[in-house]
**Q** 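The structure under discussion is supplied below as structure tokens; questions concerning it will follow.
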Amino acid sequence: MATTIAPVPPRTGRRVPRIALGKQSRSDTFTAWLFIAPAALGFAVFFLYPTLRGIYLSFTEYSLFGAPQFVGLDNFAAIADDALFWNSMKVTLWYVVLNIGFQTTIALGLAVLMHRLTKSGIIRGSILLPFLVANVIVALVWFWMLDYQIGIVNTMLGWVGIDPVAFFGSENWAIPTIAFVNVWRHMGYTALLIFAGLQTIPTTVYEAAAVDGATEVQTFRKITLPLLRPVLVLVLIITVTGSFQVFDTVAVTTKGGPINATRVIQVYIVERAFGRSDFGYAAALSVILFIILAVVAYAQNKWLRGGESDLA
Amino acid sequence: MTTITVKRRRDSKRAVAETKPRKPLSAGRVVAWIVLWAFILLTVFPFFWMIRTGLSNGRSLAANSGSFLPADFTWGAFKRVLGFGTVAEAQAEGGSGASINFWLYLRNSFIVSTVATAGQVFFSAMAAYAFSRLEWRGRDKMFALFLTALLVPPIFTALPNFLTIKSLGLLNTLPGIILPSFFMTPFAVYFLRQFFLGIPKEIDEAARLDGASHFLTFRRIILPMSTAPVVTLGILQFIASWNDYFWPLLIGQTESSRVLTVALGVFRSQTPQGTPDWAGLMAATLVAAVPILIIYGIFGRRIVNSIGFSGIK
């Protein structure tokens with residue numbers, strides 16, 4: 001820091017460089033703690049403490065009244081035998097597969113299209129629009145558009161002679177529908193993430209490919225995809241982690257039903273905690289979700305070699 | 001932000017170079033354009049449908065489900081959402097007639113988002129200053145610890161935080177909703193530290209040699225020099241806070257502490273005629289989205305450009 005600039009004007013007599021080093025760093029520590037105090041308080045109270053407390057609660061039975069009773073691994077043992085838990089895992093996974101599969105494919109396509117066709121800010125801007133609107137709003141609009149009786153989508157299906165579909169009301173369609181709604185909300189955002197990655201690929205590579213007579217498909221498969229891999233891995237880690245935590249859309253539309261068809265893990269956690277005042281059990285469920293997310297993120301990064309680039 | 005502007009300039013230059021010898025419209029390019037426009041239409045259509053339905057008479061929706069124009073045009077839905085219509089008027093157009101304190105929820109959402117964003121950005125900036133400009137023991141370890149919080153899923157901290165807010169006696173209050181994101185978010189600290197690191201140290205060292213305190217340096221040099229990222233971060237966090245549903249749903253259940261997103265969920269559950277009041281619901285979602293749309297209209301380019309940054313770096 002300041003000590004590297006040796007000839008300090010001796011205006012303040014005590015600032016002899018060598019002593020200043022010790023003095024300054026000591027006063028820096030004090031100042032640093034002043035600067036960091038509010039953030040550190042917030043971090044300690046609302047991030048660190050609840051994380052530790054959440055882990056502790058998962059080993060207890062706690063109904064919000066009285067003190068948590070330590071029960072060891074009982075919650076986890078109960079979860080292993082809990083059909084509703086396994087159902088929620090199945091439903092959540094099915095949602096994640098559909099959501100991420102379609103979202104990533106569509107976003108990749110959109111990003112490449114934008115990259116090849118246009119730099120228009122209007123197009124980029126409108127494609128991002130759904131992402132900026134609240135989940136709740138998006139869910140409600142589609143809930144209305146996909147209404148069984150008078151929704152516009154079923155009306156349009158009727159025009160081409162297709163029977164109305166109970167998008168939110170049937171067990172088979174509910175999860176694909178919710179996955180679709182969130183694909184709609186996130187595809188533009190994901191496309192822009194990928195688009196930003198595409199711009200880091202040097203144009204010289206494409207020019208060379210064009211000179212060699214490569215087709216669009218070849219260029220995409222042999223150049224774009226490999227060079228985009230680190231970006232795609234990052235995008236996948238962000239979106240998959242988010243996808244596992246789907247809640248808002250379900251909460252305002254199907255609320256877990258019909259029957260258990262959309263009772264995703266986060267909905268189940270909230271139901272256990274607040275519906276049945278079973279905080280210990282809910283905490284154990286969140287620990288499991290946390291572990292799953294960590295493993296998935298780690299595996300994605302490792303298998304897809306997210307850290308390395310092929311641009312050498 | 002500087003890196004982004006530089007990149008954009010280079011892009012536009014390249015764009016100019018590309019468009020000069022205009023590429024012939026091959027069949028492939030036509031198809032590509034059609035696909036792109038189809039997706040844009042898919043993106044925009046639901047917004048149109050919100051407006052169309054919001055301007056309809058709820059009772060006429062069923063008979064005109066396929067019409068692209070408002071069914072039996074009326075401002076009634078907006079009136080009953082904003083509390084200007086009478087109960088009889090509302091019921092005549094398919095509303096429940098129950099009063100919706102829309103202005104109250106709007107005010108609550110504004111208070112929550114504004115206060116949370118202001119506190120979070122300012123305190124995170126202070127922390128980012130300490131992490132990027134001050135030499136102190138344990139700095140890097142502390143920063144690493146802050147960053148680990150990024151990995152913890154929100155649901156995980158939400159349950160214990162609910163207990164904390166409860167024992168602070170802040171359940172069903174706006175401060176209870178605001179508090180957890182008031183002091184910092186790991187993302188904000190990380191985002192701002194990145195920018196502060198990019199400001200040449202010589203500048204604030206010069207100020208320090210002139211006798212400026214760290215606080216003065218922070219306020220007069222670092223903050224003004226990073227207006228762009230601070231504003232960008234503020235916008236992003238305001239939008240996130242405005243759109244948040246899960247946390248306010250847990251904390252703000254009473255009328256006086258309800259924010260817009262939660263209120264919309266409640267509104268949807270009311271089914272006056274066996275079905276929800278679609279026209280009123282769409283009018284309400286539109287009004288709830290308007291502040292975000294205005295922000296997007298003003299800061300659109302900034303928001304779009306921030307995406308590459310926050311996602312990739």
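Just so it is clear: chains get the letters A, B, ... in the order the sequence lines come, proteins before strands, and each one is counted from 1. Just so you know, these numbers use all the heavy atoms, side chains as well, and skip hydrogens, waters and symmetry mates.
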**Q** Tell me, side chain or backbone of B/L281 under 4.5 Å from chain A's heavy atoms, or both, or neither?
**A**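 Side chain of B/L281 only, per the 4.5 Å heavy-atom cut-off to chain A.
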**Q** For the atom pair CG (A/L129) and CD1 (B/I40), what is the distance rounded to the nearest 0.5 Å?
**A** 11.5 Å
**Q** Would you compute the distance between atom CG of B/L151 and atom CG of A/L293 and round it to the nearest 0.5 angstrom?
**A** 10.0 Å
**Q** How long is the span from the CG atom in B/L134 to the CG atom in A/D28, to the nearest 0.5 Å?
**A**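 Reported to 0.5 Å precision, the distance equals 5.0 Å.
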**Q** What distance do B/F156 atom CZ and A/L285 atom CG have between them, rounded to the nearest 0.5 Å?
**A** 11.5 Å
**Q** With side chain to side chain contact (heavy atoms under 4.5 Å, CB included) as the test, would you mind laying out the steps for B/W49 and A/W142 before giving the verdict?
**A** CA-CA 10 Å; B/W49 206 245; A/W142 281 102; over 6 Å; no
**Q** State, with a plain yes or no, whether a side-chain heavy atom of A/F46 is found less than 4.5 Å away from one of B/M184.
**A**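 They are not in contact (no side-chain heavy atoms under 4.5 Å apart), so the answer is no.
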**Q** Can you check whether A/V252's main-chain N or O pairs, donor with acceptor, with B/R268's side chain at less than 3.5 Å?
**A** yes
**Q** Can you list the residues that meet the side-chain contact (heavy atoms from CB on, under 4.5 Å) rule with A/I288, with sequence neighbours excluded?
**A**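 side-chain contact (heavy atoms from CB on, under 4.5 Å) check on A/I288 returns A/F76, A/I79, A/F85, A/I292.
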**Q** Give, as side chain, backbone, both or neither, the part of A/L34 having an atom under 4.5 angstrom from any heavy atom of chain B.
**A** backbone
**Q** At a 4.5 Å cut-off on heavy atoms, which part of B/L159 comes close to chain A: side chain, backbone, both, or neither?
**A** both
**Q** At a 4.5 Å cut-off on heavy atoms, which part of B/L42 comes close to chain A: side chain, backbone, both, or neither?
**A**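 Both backbone and side chain.
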**Q** Need one label for B/Y129: side chain, backbone, both or neither, based on atoms under 4.5 Å from any heavy atom in chain A.
**A**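 Interface part for B/Y129: side chain.
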**Q** Determine the interplanar angle of the A/F35 and B/F215 rings, folded into 0 to 90°, and report it as parallel if under 30°, tilted if 30 to 60°, perpendicular if over 60°.
**A** tilted
**Q** If I measure from the heavy atoms of chain A, does B/I239 come under 4.5 Å with its side chain, its backbone, both, or neither?
**A** side chain
**Q** Heavy-atom distances under 4.5 Å only: say whether A/A297 touches chain B with side chain, backbone, both or neither.
**A** neither
**Q** So, do A/F43 and B/F146 have ring centers that fall under 6.0 Å from each other?
**A** yes
**Q** Give, for atom CG of A/L48 and atom CG of B/L145, the distance between the pair rounded to the nearest 0.5 Å.
**A**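 The CG atom of B/L145 is 6.0 Å from CG of A/L48, to the nearest 0.5 Å.
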**Q** Answer yes or no: is there a side-chain heavy-atom contact under 4.5 Å between B/M126 and A/P38?
**A**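 Yes, their side chains come closer than 4.5 Å.
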**Q** Could you tell me which portion of B/L179 (side chain, backbone, both or neither) has an atom closer than 4.5 angstrom to a non-hydrogen atom of chain A?
**A** both
**Q** Under a 4.5 Å heavy-atom cut-off, does chain B meet the side chain of A/F247, its backbone, both or neither?
**A**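 The side chain, not the backbone.
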**Q** Verify, without hydrogens or angle tests, whether B/N243 (side chain) and A/L132 (backbone) share a donor-acceptor contact under 3.5 angstrom.
**A**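 Checking the backbone N and O of A/L132 against the side chain of B/N243, a donor-acceptor pair under 3.5 Å is found.
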**Q** Hey, can you pull the donor-acceptor pairs under 3.5 Å for the side chains in residues 235-246 of chain A, sequence neighbours left out?
**A**
unit_1: A/T239; atom_1: OG1; unit_2: A/V235; atom_2: O; d: 2.9
unit_1: A/T239; atom_1: OG1; unit_2: A/L236; atom_2: O; d: 3.3
unit_1: A/T241; atom_1: OG1; unit_2: A/I237; atom_2: O; d: 2.4
unit_1: A/S243; atom_1: OG; unit_2: A/N99; atom_2: OD1; d: 2.9
unit_1: A/Q245; atom_1: NE2; unit_2: A/T241; atom_2: O; d: 3.1

**Q** If I measure from the heavy atoms of chain A, does B/Y296 come under 4.5 Å with its side chain, its backbone, both, or neither?
**A** side chain
**Q** Taking side chain as everything from C-beta outward and backbone as N, CA, C, O, which of these in A/L41 sits under 4.5 Å from a heavy atom of chain B? Side chain, backbone, both or neither.
**A** side chain
**Q** Using non-hydrogen atoms and a 4.5 Å limit, figure out which bit of A/D147 sits close to chain B: side chain, backbone, both or neither.
**A** side chain
**Q** Mind checking whether B/T164 and A/Y49 have side chains closer than 4.5 Å, heavy atoms only?
**A** yes
**Q** Against chain B, label A/A273 side chain, backbone, both or neither, depending on which of its atoms sit under 4.5 Å from a heavy atom there.
**A** side chain
**Q** Please look at B/S124 and chain A and tell me whether the side chain, the backbone, both or neither of the residue comes under 4.5 angstrom of a heavy atom of that chain.
**A** neither
**Q** Pick one of side chain, backbone, both or neither for B/L163, based on which atoms fall under 4.5 Å of a heavy atom in chain A.
**A**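 Both backbone and side chain of B/L163 come within 4.5 Å of chain A.
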**Q** Pick whichever of A/L113, A/T155, A/L117 has the most heavy-atom pairs under 4.5 Å with chain B.
**A**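 Of the options given, most contacts go to A/L117.
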**Q** Taking side chain as C-beta onward, heavy atoms only, is B/P46 less than 4.5 Å from A/W184?
**A** yes
**Q** Taking the inter-plane angle between the rings of B/F162 and A/F274 on a 0 to 90° scale, is it parallel (under 30°), tilted (30 to 60°) or perpendicular (over 60°)?
**A** perpendicular
